[in-house]
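Working notes, beginning with the structure itself.
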Protein chains: 2
Amino acid sequence: MPQVQSTFRALADPTRRDILVMLRDCDLTIAEVAENFDMTRAAVKKHLTVLSDGGLITTRTSGRERINALNPQGIDPVMDWLKYFDIFWDDRLATLKTEIEKDRK
Amino acid sequence: MPQVQSTFRALADPTRRDILVMLRDCDLTIAEVAENFDMTRAAVKKHLTVLSDGGLITTRTSGRERINALNPQGIDPVMDWLKYFDIFWDDRLATLKTEIEKDRK
DNA sequence: CTTTTATGATACTAAATAGTATCACGTCAA
DNA sequence: TTGACGTGATACTATTTAGTATCATAAAAG
């Protein structure tokens, strides 16, 4: 059960946010993720570990490959925390939900 | 106009998130914020600068005091980014909005 | 005017972080 | 079996970050 801190920390790096966007479309092995970045596979692996610690991704092994997938519930701790600002961004929240539904059409 | 990265970074530190929670109730000077932490005023000042860079707070000067206030729109870049995960957390968003309205009663 | 108070700013230290290089290990294929 | 491939893990370096200490400046109070 990841702490809220580990989730916020995982989201704080642009490379890791890019990885999450990639995983939104399809699951990827470490090597496949690394192809999209100008850094070594080992560095990408570290980012994936941080994302896993933050509960934002899950991993499963298939033979010698490790497949990374987005964890739908991973964002929950962040959302729970943001709730503290309800009196300020409640209206915005409603607007966002409308935009999401519009995008899906 | 703060970049999304500076906002995510500002949120990634537990001390800074605590400061935001404090400012949710009332505006505070640097010294008043510092009273709540076991660290020097200079350290708190640095955190406030990061929060300001991230657009999460605004500051105004009153005499020799500098008053820090929560910026309602500061969280927008983060919310915009989270929109990318719409297909996963749309249902959760609706649930959260319900909880917020319930809490307000 | 003198003193106190709140802040701004700089220099410095320690720890965390992002990255590389390297090697070991298990799996798959010829 | 032999080797290539994908990964795990460690050691190392450079940068960023969180914090302190210190001093300068400006405003409020006497």
Side-chain angles (χ1 to χ4, degrees), chain A residues 2-23 26-71 74 78 81, chain B residues 2-23 26-71 78:
Chain A
Q3 297 300 305
V4 62
Q5 172 56 22
S6 62
T7 308
F8 268 109
R9 165 166 136 62
L11 287 170
D13 184 273
T15 298
R16 288 193 287 266
R17 290 198 304 277
D18 286 345
I19 291 175
L20 290 176
V21 171
M22 288 177 201
L23 293 178
C26 62
D27 299 351
L28 296 172
T29 65
I30 297 176
E32 287 170 340
V33 173
E35 285 174 8
N36 297 280
F37 294 98
D38 186 25
M39 67 180 74
T40 63
R41 181 193 58 73
V44 171
K45 166 72 161 69
K46 284 191 178 181
H47 283 302
L48 289 169
T49 299
V50 175
L51 286 168
S52 178
D53 290 345
L56 290 166
I57 66 171
T58 56
T59 60
R60 64 180 187 276
T61 302
S62 173
R64 63 181 163 180
E65 293 183 336
R66 176 161 288 267
I67 302 173
N68 302 274
L70 201 63
N71 177 28
V78 169
W81 188 89
Chain B
Q3 297 300 305
V4 63
Q5 171 56 23
S6 61
T7 308
F8 268 110
R9 165 165 137 61
L11 287 170
D13 184 273
T15 298
R16 288 193 288 265
R17 290 198 304 278
D18 286 345
I19 292 174
L20 290 176
V21 171
M22 288 177 202
L23 293 177
C26 60
D27 300 351
L28 296 171
T29 65
I30 298 177
E32 286 170 341
V33 173
E35 285 174 9
N36 297 280
F37 294 99
D38 187 23
M39 68 180 73
T40 64
R41 182 194 56 73
V44 170
K45 165 71 162 67
K46 284 191 178 181
H47 283 302
L48 289 169
T49 300
V50 174
L51 286 169
S52 178
D53 290 346
L56 290 166
I57 66 171
T58 57
T59 60
R60 64 179 186 275
T61 302
S62 172
R64 62 181 165 182
E65 293 185 336
R66 176 160 288 267
I67 302 173
N68 303 273
L70 202 63
N71 177 28
V78 170

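Note that the structure is predicted; figures quoted are calculated from it, not measured. Protein chains get the first letters and strands the later ones, always in sequence-line order, with residue 1 at the start of each.
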- line: For A/L11 and A/R17, the nearest pair of non-hydrogen atoms, with its separation, is O-NH1, 2.8 Å
- prompt: What's the closest nucleotide to the B/E65 side chain, out of D/dT20, C/dG19, C/dT7?
  reply: C/dT7
- request: For B/T29, answer base if it contacts any base atom (sugar-phosphate contacts may also be present), sugar-phosphate if it contacts only those atoms, and nothing otherwise; contact means non-hydrogen atoms under 4.0 Å.
  value: sugar-phosphate
- prompt: Hey, does the side chain of A/T40 come within less than 4.0 Å of C/dT20's phosphate (OP1/OP2), counting only N and O?
  reply: yes
query: Rounded to the Å, how far apart are B/I67 CD1 and C/dA6 P?
result: 13 Å
query: Just how far, in rounded Å, is P of C/dA29 from CZ of A/R64?
result: 7 Å
statement: Whole-Å distance, B/E35 CD to C/dT7 P, equals 10 Å
query: Rounded to the nearest Å, what distance is computed from the CZ atom of residue A/R9 to the P atom of nucleotide D/dT17?
result: 13 Å
message: Between P on C/dT20 and CG on A/D38, what's the gap in Å once rounded to a whole number?
response: 8 Å
message: Tell me if the side-chain of A/K46 makes a donor-acceptor pair with the base of C/dG19, cut-off 3.5 Å, by modelled atom types.
response: yes
task: Please determine, for the side chain of B/T15, which listed nucleotide (D/dG19, C/dG19, C/dT7) has the closest atom?
output: D/dG19
- prompt: Is any side-chain N or O of B/H47 closer than 4.0 Å to OP1 or OP2 of D/dT17?
  reply: no
task: Grab the NZ-C1' distance between A/K45 and D/dG6 for me, whole Å please.
output: 12 Å
task: Side chain of A/R66 only, please: which of C/dT20, D/dT7, C/dT7 is the nearest?
output: D/dT7
field: Atom-to-atom span, CZ of A/R41 to C1' of D/dC5 - whole angstrom
entry: 10 Å
message: Please classify the nucleic acid contact of A/A43 as base, sugar-phosphate, or nothing, using heavy-atom distances under 4.0 Å.
response: base
query: Between D/dA18 atom P and B/L48 atom CG, what is the distance in whole Å?
result: 13 Å
message: From the set C/dT20, C/dT17, D/dG8, return the single nucleotide nearest to any side-chain atom of A/M39.
response: C/dT20
message: If you only use heavy atoms from C-beta on, which nucleotide in C/dA9, C/dA18, C/dG19 is closest to the side chain of A/R16?
response: C/dA18
query: If you round to the nearest 0.5 Å, how far is CE of B/M22 from CD of B/E35?
result: 10.0 Å
